[in-house]
Amino acid sequence: MTEPTNEIPKQYNPTAAQEKWAKFWEEHNFFRSQPNSNKKPFCVVIPPPNVTGALHLGHALNNTLQDMTIRMKRMQGFETLWIPGVDHAGIATQAVVERRLFLDEKLTRHDIGRDALVQRIWNWKEQFQTRIISQLKGMGCSCDWNRTRFTLDEMCAKAVRYFFFKLFEQKLIYRGKRLVNWDTHLQTAVSDDEVCHETVAGNFWYIKYPVVQPKPNEPEYVVVATTRPETMLGDTAVAVHPDPETALNKVIGDLKKRLAAAPEKEKIDLQKELDEAENRLRSSDNGNSVLDQLKTLSRMATQNRTVMLPLANRPIPLIADVWAKPEKGTGCVKITPAHDPNDYEVGKRQELPMINILNKNGTLNENAGKYAGLTIKQAREQIVTDLEEQGLLVSVEERIIELAHSDRSKTPIEPFLNDQWFVKMDDLAQNAIDAVHNGEVKIIPERYKKGYTDWLSEKRDWPIGRQLWWGHRIPIWYCYGATEKELAQAFAGRKDISWQWNSENNVWWICSQTEDLSEDAVSGYTIIQEEDVLDTWFSSALWPHSTLGWPDQTPELDYYYPTGVLITNRDILTLWVARMVLAGKFNTGKIPFHEVFIHPKILDKYGEGMSKSKGNGIDPISVIAKFGADALRFALAFLTTESQDIRLTLDFECPYCGAVVEQTKKNRTEPKIICPKCGVPFRTQWAETESDQMLTEGPMIGERFEVARNFCNKLWNAARFVLLSLQEPPQTQTQHLKTDQLSSPFEVSFLEDRWILSRLATVTKNVTECLETYRYADAMRFLYDFAWDEFCSFYVEMVKFRLANETQRQQAQTVLIHVLNVLLRLLHPVVPFVTEEIWQRLRLLDSGNNSRNNYAESISIAAWPVADELAIDVEIERQFKVFQELLRAIREVRASRNVPPKTEITFAVRCDAATATLLKPMEPYFLSMAKAKATGWGETLTIPVLFSTVPLAGMDVYVDLSDLIDVPAEIAKLEKEIAKLDGFIKSKTLKLESDFVQKAPPTVVEKERQSLAGLLEQRQSAIDAVKKLKTV
RNA sequence: GGGCGAUUAGCUCAGUUGGUUAGAGCGUCUGGUUUACACCCAGAAGGUCGGCGGUUCGAACCCGUCAUCGCCCACCA
């Protein structure tokens, strides 16, 4: 399957390699996993992507990191299992399908009914699950595809049932009338976490409520303020503070304190607030202060007085409640318990009636009297008009308000009184907090711990019901009228059925752990199943154990659970991660994973997160098509630092003329773009119509991907060089090459061998350490620098000289191939395809050799390199730096003096004997790498007549320039150098004359002294050189 | 209102426990048909590390403060 080595293309072809090796991996089942008692397990569960749509680069990042970790662990000898899957994403998916239904066919879900809608969503799910899985495969993810799960499949459904049943039995599930966040568009309750606040322009209406039979000295009206006048139809009280004077004085006192302590910029606002509060103490024209009025009202409230609710013409009580803040608004507040969370609390406290004025679709119901049937918006307008007509509208203010919106439908949320199922969070949440506090679950980076524990500490009960059709139906049946005895009889001997009496609604709740109950399960009665489905997170919370077979004690659950690490993004740390911990603990008694790594977010060039609705989400497949999967992965991993989000600037490339078309907020959602240069239209990922899809797609390009692609190509070419230079493969067993094997035959002249092996060992250590601690960017940097700068730019260049030498070839080849071999394995987790492609070529070559079997069948199952600690040699690395420094100095002289590349130059180096011994054997390298011939080393030298000097620490280089020299320019250059050195020398001298000498650690002082001495030496050399040049 | 993060070269970002002259890639400039690679090679220019104070012999790093930007959470009529 691999062509002969002499046919290695000059450019790496990612597409061919991806196809070939993805197929190869799959056919050989390298990523399939079974419990194996001979190995330690390492399991990762994928954060299941929503089936709402295709994956974007955010997912690509998430899955690249997981794959890197899992591939490394696999190579380290763990029995690794990466479980793939997708999430049904209840609200989100139903919403997109419903929207599609309406756009395409002008139908609502009610038109087609529950079964038909669910069927359509299943079709949608099939389509996108297929797409998502193929995207993951395209990226090279090494999941065990045979274990692909879906949060709505049978396995997950069983776990959901058991979880629910267990909670129910332990009385942790309850149902009650609660004020919920109602999405009038999707007609379902949503949790607080699915609500986002948006700033919108609104109004503040001041409305008069007439006092019923006012007595003398009592006000005729109570004025209240509201941003939602239509809710007044549901008012059941007007509240005033029971002791407005004390409350107001306290507020004033607090404000004064805060004002005194506040920073300047906040003082203005605080002062304003204070003034306003203090004003309420002062008398107005009629001799009454606001406070006086509130005191009157407060007294009236204790006398059970009422006010007349306008429009509804219904008397409502004036009540005293601390919720009414005397410093806010008018000091009086209307109470609408059924449509405001705070009022709801007041209503419960004060035992007020709760009047629901809304239908589930957001129109007003019969309780709204003549306004029934209007939408909220219509009702609001009408009510304001009516109030105005009746002279009850005092004033209207314009105001910016924070309005709750549904995350899914982007429509305003209405607080709505509805029956709702909840899970009591008390102990469950505490267990999840403890798991993180005591280190059982480690969150990385640590700063995310706070958000996690803070959220859980609130212990807010979890509303789990959704009025949707797409999801796990709540396994509860209602039974009215039966006696407990009858139930016990109906379900005699069944442990999988549990029931509870709900006195609020006089109904039995029957929960079934396994099967759906039929209507006649209780003889003589008809039982009805709950219509609602469960919150999506209820099933995703079980993901780590449900995918392994829980509640059954499967070998998988026993072996792989708890999983190794969960890699995800920060948005779902609470919604998902926290709930997995609590559910895992509750169901299995164990945490679901030992570590949680929170990775950065991918942002576009405007700093916005990627999302489908914005249109800035890029399909990883389009990046892969242009740059290759390895480049995509490498680029993303390279950017995964601990602190920063990843900003990616991406633009379109015209597929015809190659022009770069900037991606803008405007064109990023267009299905096609007309190239401004050549005028030809190309399609984007949003192309839908047939005619648009016919066009050629303009790929997305980005600098970071180019860099990564270039790196892959560099690696490819390094391998190409190695392969082409191996006409005679070495006999040594390359994979088991150890320093002790090298030390005897290797002489000082092969400094570069020891150097590269030392560097290789260090890099192996660093990369392993970084990957094991999720420092992906650091790992990539080590690999990039080592591969490009050290291996390619130095080692390969140097070794060329020896490869040409019959007697030295063998050893050079051995080291060369060994380093490449290790490097490939270190790189494999991030760039699996190119490394496999090269690996297989090396393998082929090796199999022709007697030693063979040095190469695993696939690099994906080859052993992870272990750093050869013995090879690490700090002294060699230091010496090599001297060589590099000298080489660079000579090259710089050449470049800056415009010496023609083919012209050979000569140079001499003044240095001590040790340095001379070190560098003399490197002479061939100066010749091959800088076309410079050494004429002398040591303390005493014959210095050429016309020369350029570069003073370095501990040595001076004299490059013979003969007729190439420009003496005045040479002198100017040296003088500039001297001035620079003078600066450093001065600052160092001062430093060494200061307290520094006494207070700094002796080693640091000594270092500084040496540094100064070196600088002085360099300066002297430069001065001498100038003197000599001036005599020429 | 509370919390978290960021601010370093034209751009995107590194910078380990404070310790010589702050690094990389891209871009820019100079030179290159060096038999692995122009998706390349050699070299250069470019930064008062957001501002101000403090601690220290010594601060990009620690402390305080201000400024700007981003994200998350929060029931205010």
Side-chain angles (χ1 to χ4, degrees), chain A residues 8 10-12 192-193 197 204 224-228 239 263-265 323-325 328-336 340-345 402 404 415 447-448 450-451 454-455 458 570-571 573-574 601 603 605 607-609 627 631 638-639 641 643-649 703-704 706-707 709-725 775 777-778 781 784-785 792-793 796-797 800 888 891-896 898-902 928-931 980-981 983-984 987-988 991 994-1001 1003-1005 1007-1008 1010-1012 1014-1015:
Chain A
I8 307 168
K10 286 191 173 192
Q11 273 190 9
Y12 168 58
D192 290 346
D193 310 299
H197 295 269
F204 209 41
V224 294
T226 182
T227 54
R228 299 191 302 155
E264 277 313 312
K265 59 169 183 176
W323 165 242
K325 310 287 181 204
K328 291 251 164 93
T330 61
C332 299
V333 59
K334 63 196 266 311
I335 303 296
T336 324
D340 182 280
N342 294 301
D343 294 1
Y344 177 73
E345 293 302 318
E402 289 277 302
R447 73 184 119 97
Y448 292 111
K450 190 171 159 48
D454 284 358
W455 184 83
E458 290 181 27
R570 73 177 98 91
D571 297 348
L573 180 65
T574 52
K601 224 174 164 158
L603 307 176
K605 73 174 96 174
E608 296 176 14
F627 298 100
F638 210 172
L639 290 165
T641 58
S643 57
Q644 301 244 47
D645 282 338
I646 299 170
R647 192 177 285 218
L648 277 179
T649 298
E703 185 225 312
R704 312 307 302 240
E706 276 174 36
V707 169
R709 178 203 52 193
N710 295 354
F711 176 72
C712 293
N713 196 55
K714 185 74 179 174
L715 181 70
W716 174 253
N717 274 289
R720 183 169 185 263
F721 172 81
V722 173
L723 288 162
L724 292 175
S725 68
R775 281 154 48 221
D778 291 343
R781 184 163 295 283
Y784 186 94
D785 291 347
C792 291
S793 295
V796 168
E797 287 308 319
K800 279 177 182 173
R888 166 187 285 267
R891 284 170 164 176
E892 203 270 328
V893 170
R894 293 192 66 116
S896 60
N898 292 319
V899 179
K902 286 186 174 164
S928 67
M929 296 172 80
K931 238 180 174 28
K980 200 169 134 197
L981 288 166
F984 298 145
S987 77
K988 271 188 202 300
K991 193 174 184 182
S994 70
D995 288 355
F996 170 72
V997 184
Q998 279 82 47
K999 304 209 171 162
T1003 51
V1004 175
V1005 176
K1007 234 174 156 184
E1008 281 297 280
Q1010 279 176 14
S1011 162
L1012 179 61
L1015 288 170

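Between Asp645(A) and Arg570(A) there is a salt bridge, with a side-chain nitrogen of the basic residue lying less than 4.0 Å from a carboxylate oxygen of the acidic one.
What separates CG of Asp571(A) from P of G5(B) is a distance of 17 Å, to the nearest Å. Rounded to whole Å, atom C1' of G2(B) lies 9 Å from atom NZ of Lys450(A). Look at CZ on Arg894(A): it is 11 Å from C1' on G31(B), rounded to the nearest Å. Between the CZ atom of Arg647(A) and the C1' atom of A14(B) there is a distance of 17 Å, rounded to whole Å. To the nearest angstrom, C1' of U56(B) lies 15 Å from CD of Gln998(A). Arg704(A) has its CZ atom 12 Å from the P atom of G25(B), to the nearest Å. Look at CG on Asn342(A): it is 9 Å from P on C75(B), rounded to the nearest Å. In this structure, Glu458(A) atom CD and A74(B) atom C1' are separated by 9 Å, rounded to whole Å.
Counting non-hydrogen atoms under 4.0 angstrom, Ala324(A) reaches a base of the nucleic acid. In this structure, Thr227(A) reaches the sugar-phosphate backbone alone: every heavy-atom distance under 4.0 Å involves primed, P, OP1 or OP2 atoms, never a base. Across all strands, Trp323(A) comes closer than 4.0 Å to base atoms (heavy-atom distances). Counting non-hydrogen atoms under 4.0 angstrom, Thr641(A) reaches the backbone sugars and phosphates but no base. Contact annotation for Lys325(A): base contact, defined as any heavy-atom pair under 4.0 Å involving a base atom.
Comparing U17(B) with A9(B), their C1' atoms are spaced 27 Å from each other, to the whole Å. Rounded to the nearest Å, the gap between the C1' atom of G54(B) and that of C41(B) is 50 Å. Here the separation of C40(B) from G25(B), taken at their C1' atoms, is 16 Å to the nearest Å. For the C1' atoms, the distance linking A14(B) with C26(B) amounts to 15 Å, nearest Å. Using C1' as the reference atom, G18(B) and C57(B) are 12 Å apart when rounded to the nearest Å. C11(B) and G51(B): their C1' atoms are spaced 23 Å apart (whole Å). Here, U56(B) and G1(B) have their P atoms 36 Å apart, quoted to the whole Å. Atom name P, nucleotides A42(B) and C63(B): the rounded distance is 41 Å, in whole Å.
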For RNA chain B, what dot-bracket results from Watson-Crick or G-U pairs at under 3.5 Å, with [ ] for crossers and | for inter-strand partners? (((((((..((((.....[...)))).(((((.......))))).....(((((..]....))))))))))))....
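Nearest heavy-atom pair across Arg709(A) and Phe627(A) is CG-O, 3.9 Å.
Comparing Trp455(A) and Val997(A) by the nucleotide of RNA chain B that holds the closest heavy atom to each, the one mapping nearer the 5' end is Val997(A).
The closest donor-acceptor contact from the side chain of Arg720(A) to the backbone of Lys714(A) lies at 3.5 Å or more, if one exists at all. In this structure a side-chain-to-backbone donor-acceptor pair under 3.5 Å is missing from Arg704(A) to Leu648(A). Asn713(A) contributes a side-chain N or O that, together with a main-chain N or O of Tyr12(A), makes up a donor-acceptor pair within less than 3.5 Å.
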Nucleic acid footprint by protein, nucleotides 18-24 of chain B - heavy-atom cut-off 4.0 Å, B for base, S for sugar-phosphate alone: -BBB--S
Could you encode protein contacts along nucleotides 34-43 of chain B as a string, one character per nucleotide from 5' to 3', using B for base contact, S for sugar-phosphate-only contact and - for no contact, with a heavy-atom cut-off of under 4.0 Å? --BB-BSSSS
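A 6.0 Å sphere centred on NZ of Lys325(A) holds more than 12 heavy atoms belonging to other residues, nucleotides or ligands.
Under the 4.5 Å side-chain criterion, counting only non-hydrogen atoms from C-beta, Asp340(A) is not in contact with Pro415(A).
The side chain of Arg447(A) approaches C4(B) more closely than any other nucleotide in the set C71(B), C4(B), U12(B).
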